[in-house]
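Counting starts at 1 for both ligands and their atoms, following the listed order. Numbers for residues simply follow the sequence, beginning at 1.
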Amino acid sequence: MSNSVPSINDREFNQFKSWIYKRAGINLTPAKKSLVAGRLYKRLKHYDIPSYGDYFKMIMDEGNKNELQWALDLLTTNETYFYREPNHFDFLVKHIIPTVSASGQFRIWSAASSSGEEAYTIAMMLMEKMGDGNWSVFGSDISEQILSHARRAQFPLVKARNLPEMLLRKYCLKGVGNKEGFLMVQSALRSKVDFKNINLIERIPNVGLFDVIFLRNVMIYFDTATKQKVMQNLLPHLKPGGYFIISHSESLNGVCDALKLVSPSIYQKS
Ligand SMILES: C[S@@+](CC[C@H](N)C(=O)[O-])C[C@H]1O[C@@H](n2cnc3c(N)ncnc32)[C@H](O)[C@@H]1O
C-alpha cells in the first residue's frame, strides 16, 4: 500500500457518517470526506486492509470493541488549549466566583473537555480566587483515549502559549530531560479535577448538580436535533441560577429557550 491517502468513496463515507452520527451525534458533511480518509487511513495501514469499506466491516464485527473506540477517537476533533476564549474566564472571576457562598460546594463541569486544558484552566481560576476551598472541576468526554491524556496532565508547552505567564509558573512544572518541551499540571490542582467518559447524546449518569457548565466547541459538530437533545440532557444538571457557557462561535438560538443570555455566549438558568 502506498503512502498517499486513497480517497474514500461515497458509499464508504456514508457508512462512517451514519455510524458516527448515531454513536456521537457528530454530523459529518461531505466537505469532511478527505479529512475522514486521512484520519482512518492510519488504521488501514496498520492492519494492511485494502479499503475503508473493509475497515468498516472489521470494526462492526462483534469482537472489535477496541477498534470501534479507536475509530471514534480518530473521527472526533479534539483541538483545545489552555485559556481558550479568555472572556469566559474573566466572567467567571469577576461575576460568578464573587457570588459563591462560603457554605456548600462549588462545582464546574467542563463537558466535552477533550484533553483537559479547559478543565485545568478553570481550576487555576478557582485556585487563584478561592484557594484550596470547597470547589471541584469535573471534565468529561466521549473519547477514552483523549481522557487518558487529560488524566496524565502532561501537555506540550505550545498548548499553554495563551496562558498568562504568572499562571504557567504557579501551576505548572516544566518538563526536563525526556519531558523537555512539556508541562505537567501541579498535583494540588490535579487533585481538584476529575474526568469521566460521558456521551452527551445518551442518558447522563448520576453526576450531580453543577454551578457552571462549560460546553464549548462541540455543538458546532451537531445538527439542531442533536443540540436540542444535548441541552435536554445537560440542563437538569445545572443548578437554578447556574451559568451555561458555550463558545463565541456557537449559538443556542432555536435550540433552547430555557436559559437567559447574560453576556455574549454566557447563559443563566432562572
Ligand atoms: C474541539 S473539542 C472541545 C474542547 C474544549 N471544550 C474546548 O472548547 O477547547 C470537542 C470535544 O467534543 C468531544 N465530543 C464529540 N462528541 C461528543 C459526544 N457526543 N459526547 C461527549 N463528547 C463529545 C470530542 O471527543 C472532543 O474532545
State if Ile198 counts as touching ligand 1 under the rule of any non-hydrogen atom under 4.0 Å.
yes
Short list, please: which atoms of ligand 1 are under 4.0 Å from a heavy atom of Thr76?
24 (C), 25 (O)
Going by atom types alone, do Asn217 and Glu85 pair a side-chain donor with an acceptor below 3.5 Å?
yes
Tightest non-hydrogen contact, residues Ala37 and Ile8, listed as CB-CG2, 4.0 Å
Find all atoms of ligand 1 within a distance of less than 4.0 Å from any non-hydrogen atom belonging to Glu118, and give their numbers and elements.
5 (C), 6 (N), 7 (C), 8 (O)
The protein heavy atom nearest to atom 19 (N) of ligand 1 is Ala24 O, 2.8 Å
What is the closest protein heavy atom to atom 9 (O) of ligand 1, and at what distance does it sit?
Thr80 OG1, 2.6 Å
Would you kindly specify which portion of Glu79 sits under 4.0 Å from ligand 1, judged on non-hydrogen atoms: side chain, backbone, both or neither?
backbone
Ligand-residue contact atoms, ligand 1 with Arg216, heavy atoms, under 4.0 Å:
3 (C), 5 (C), 6 (N), 7 (C), 8 (O)
Just distances here: any N/O of Ser113 and N/O of ligand 1 closer than 3.5 Å?
no
Nearest protein heavy-atom contact for atom 15 (C) of ligand 1: which residue, which atom, what distance?
Val218 CG2, 3.7 Å
Do any nitrogen or oxygen atoms of Asn199 come within less than 3.5 Å of a nitrogen or oxygen of ligand 1?
yes
Check the pair Lys170 / Glu128 against salt bridge (charged side-chain N to carboxylate O under 4.0 Å, His left out), numbers first and verdict last.
CA-CA 10 Å; Lys170 195 163 168 186; Glu128 279 297 288; 2.7 Å; yes
Could you walk me through whether Gln186 and Tyr120 pass side-chain contact (heavy atoms from CB on, under 4.5 Å), step by step?
CA-CA 10 Å; Gln186 183 210 66; Tyr120 291 120; over 6 Å; no
Heavy atoms of Ile246 and Met219 approach each other most closely as CG2-CE, 3.8 Å
Heavy atoms only: which of Ile26, Asn78, Asp141 is nearest to atom 11 (C) of ligand 1?
Asp141
Given Leu200, Thr226, Ile245, which one has a non-hydrogen atom that is nearest to atom 20 (N) of ligand 1?
Leu200
Given Thr121, Ile142, Thr77, which one has a non-hydrogen atom that is nearest to atom 22 (N) of ligand 1?
Ile142
Would you call the rings of His237 and Trp109 parallel, tilted or perpendicular if under 30° counts as parallel and over 60° as perpendicular?
perpendicular
How about Tyr55 and Glu67: does a side-chain donor come under 3.5 Å of a side-chain acceptor?
yes
So, Thr80 versus Glu118: side-chain donor-acceptor pair below 3.5 Å or not?
no
Is there any N or O on Ser143 that sits under 3.5 Å from an N or O of ligand 1?
no
Option with minimal heavy-atom separation from atom 5 (C) of ligand 1, where the choices are Ser110, Ala112, Gly139, Ser114
Ala112
Salt bridge or not for Glu12 and Lys33, using N-O below 4.0 Å?
no
Identity and distance of the protein heavy atom lying nearest atom 8 (O) of ligand 1:
Asn217 ND2, 2.8 Å
Contact summary for Tyr171 and Met124, nearest pair of heavy atoms:
CD1-CG, 3.7 Å
